[in-house]
Amino acid sequence: MVSRVIPVDPFDLVVFGATGDLARRKILPSLFHRFQVGQMPDTAQIIGSARSEMSAQAFRTLVRDAIVEFVSADDYEAETLDGFLERLDYVAVDATGDAGWNDLAGKMRADMVRAFYLSVGPSLFAPIAERLSRHAIATPDSRIVVEKPFGHDLATAQKLNAALRGSFQEHQIYRIDHYLGKETVQNLMALRFANSLFEPLWNSTHIDHVQITVAETIGVDGRGEYYDHSGAMRDMVQNHLMQLLCLTAMEPPSKFTPNAVRDEKVKVIEALEPVPQSDIARGQYRAGGGQGSYREHAGNPASRTESFIAMKVKVANWRWAGVPFYLRTGKRLRARESEIAVVFRDPPHMIFPNAEGLRGNALVIRLQPDEGITLRTTIKDPGPGGLRLTEVSLDMSFAEALGADSRAQDAYERLIMDVIRGDQTLFMRGDEVEAAWAWVDPVIQAWEDARTEPFAYDPGSSGPEEALMMMHRDGRRWRQIGV
Ligand code: NAP
């Protein structure tokens, strides 16, 4: 099955921070892929920008090198890359000074969609937004895209929102969470709201609990200083896991419009109960496997920052009363795996004698490493000799379903094209981000006040024992990581 490509309108896209890590690894390769499949009109212009002075030709060389490094050689042809590079230009600006802004203004064309991608540190979001407005580079229709992290807590998120809204209106602001650009995450909405099979079961009568796991194998080496001020709760739960929780728990919106969808997500966040410390297990990885400990990577021997967190979260509304959502994320775990597992209740009365140990139905939405959906069912063990039961998974792997030669699209490809199209559905609204921080802040405050130490865990494990105990106390089990 080949996916249909709908070309977008002609655009001028300025990528601030175009020489940085994110731009080279994700943004520019994603734009290249969209060019390659024919989604980008011939008149599209991509202007890279950073402080460093360089010619447009030098920037094209930098982008060529990035694509050679980060795109598999099987996934592109040399002539196509040359065509893409012709779409690129470069202007040096200083986000906090005056240099370069007039040059940038001179590159912008009339009657084009204008988008500004801020792939720079968050302290530069407000200065860039203000200068785009002051130099009349931004029009009332322009779009501005900001990367994570969006704030460090509620107060800083509010301040950032206010600063952006000084120059742009909410319908122009695209706060990116790349998890929302993943096929499976959008498929969760399709699965729930385009099928009649699941929605009648999607409530506390039929669902026992939900597990959301985002496990990583990498540590924080290389970005330890940043991470130590953040931790798993701020870096992963407040944004990515919260988004996954919202899409799983939200009510069906009345229509598929950006605000209708985001209204429902905000309602979920507002329904979250405060989490007591007894329902949280925080962890920090030890040294092992030839690598240093978290504290060594963070350069902070007394750090209390968590590189792992597991927590039980309750959504206080009619649909979810009594159904815990267990969230878990961490660094240096056994495998790189992200999934949402919706675990159904056992049948009310089991007629088969040998059902012990069977885990019952679970719908697993896999985001990483391979995207797909699995439904765990209980069936008869084949063959004669009585009726024994066994577990079988009905598997829908997207790579298989969509054909072997269909390249898995990166989340950024989808999201950047949504920006050009002016579709905010998969971007976080200002009030949504603030609601998430309003829930997260007191949880963090409580452990900071208590000065609790995170529990140590071994690299390559599933996290600290205490996370397992949290589940055991509830008579449940985590799904295994890396099995
Ligand atoms: P980076 O590698 O440090 O790149 C920063 C970019 O900003 C460079 O191009 C730099 O170029 C430019 N820059 C710095 N100061 C500037 C100034 N005063 N005026 C104009 N340009 C300036 O950072 P990154 O890792 O790409 O991250 C960019 C943003 O994305 C951050 O907000 C980060 O939190 C977020 N993010 C990154 C990742 C990732 O995987 N890297 C993932 C998610 C989110 P010059 O030094 O030449 O100016």
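As the structure lists them, so they are numbered: ligands from 1, and atoms in each ligand from 1. The shown structure was predicted, so the numbers you read here are calculated from the model rather than taken from an experiment. Index from 1, following the sequence.
- Phe116 and Phe168 have perpendicular rings, their planes meeting at more than 60° on a 0 to 90° scale where under 30° would count as parallel.
- Using modelled atom types, one finds no donor on one side chain facing an acceptor on the other under 3.5 Å when comparing Arg429 with Gln424.
- Glu337 has no carboxylate O lying under 4.0 Å from a charged side-chain N of Arg479, or vice versa, which leaves the two without a salt bridge.
- A salt bridge links Asp82 with Arg64: the distance from a Lys NZ or Arg NE/NH1/NH2 to an Asp or Glu carboxylate oxygen falls below 4.0 Å.
- The residues Arg328 and Glu466 are annotated as not salt-bridged, no charged nitrogen and carboxylate oxygen being separated by less than 4.0 angstrom.
- Annotation: ligand 1 has protein neighbours Gly17, Ala18, Thr19, Gly20, Asp21, Leu22, Arg25, Ala50, Arg51, Ser52, Val93, Asp94, Ala95, Ser119, Val120, Gly121, Pro122, Leu124, Glu147, Lys148, Pro149, each with a heavy atom less than 4.0 angstrom from the ligand.
- Salt bridge status for Arg51 with Asp94: absent, with no side-chain N to carboxylate O gap under 4.0 Å.
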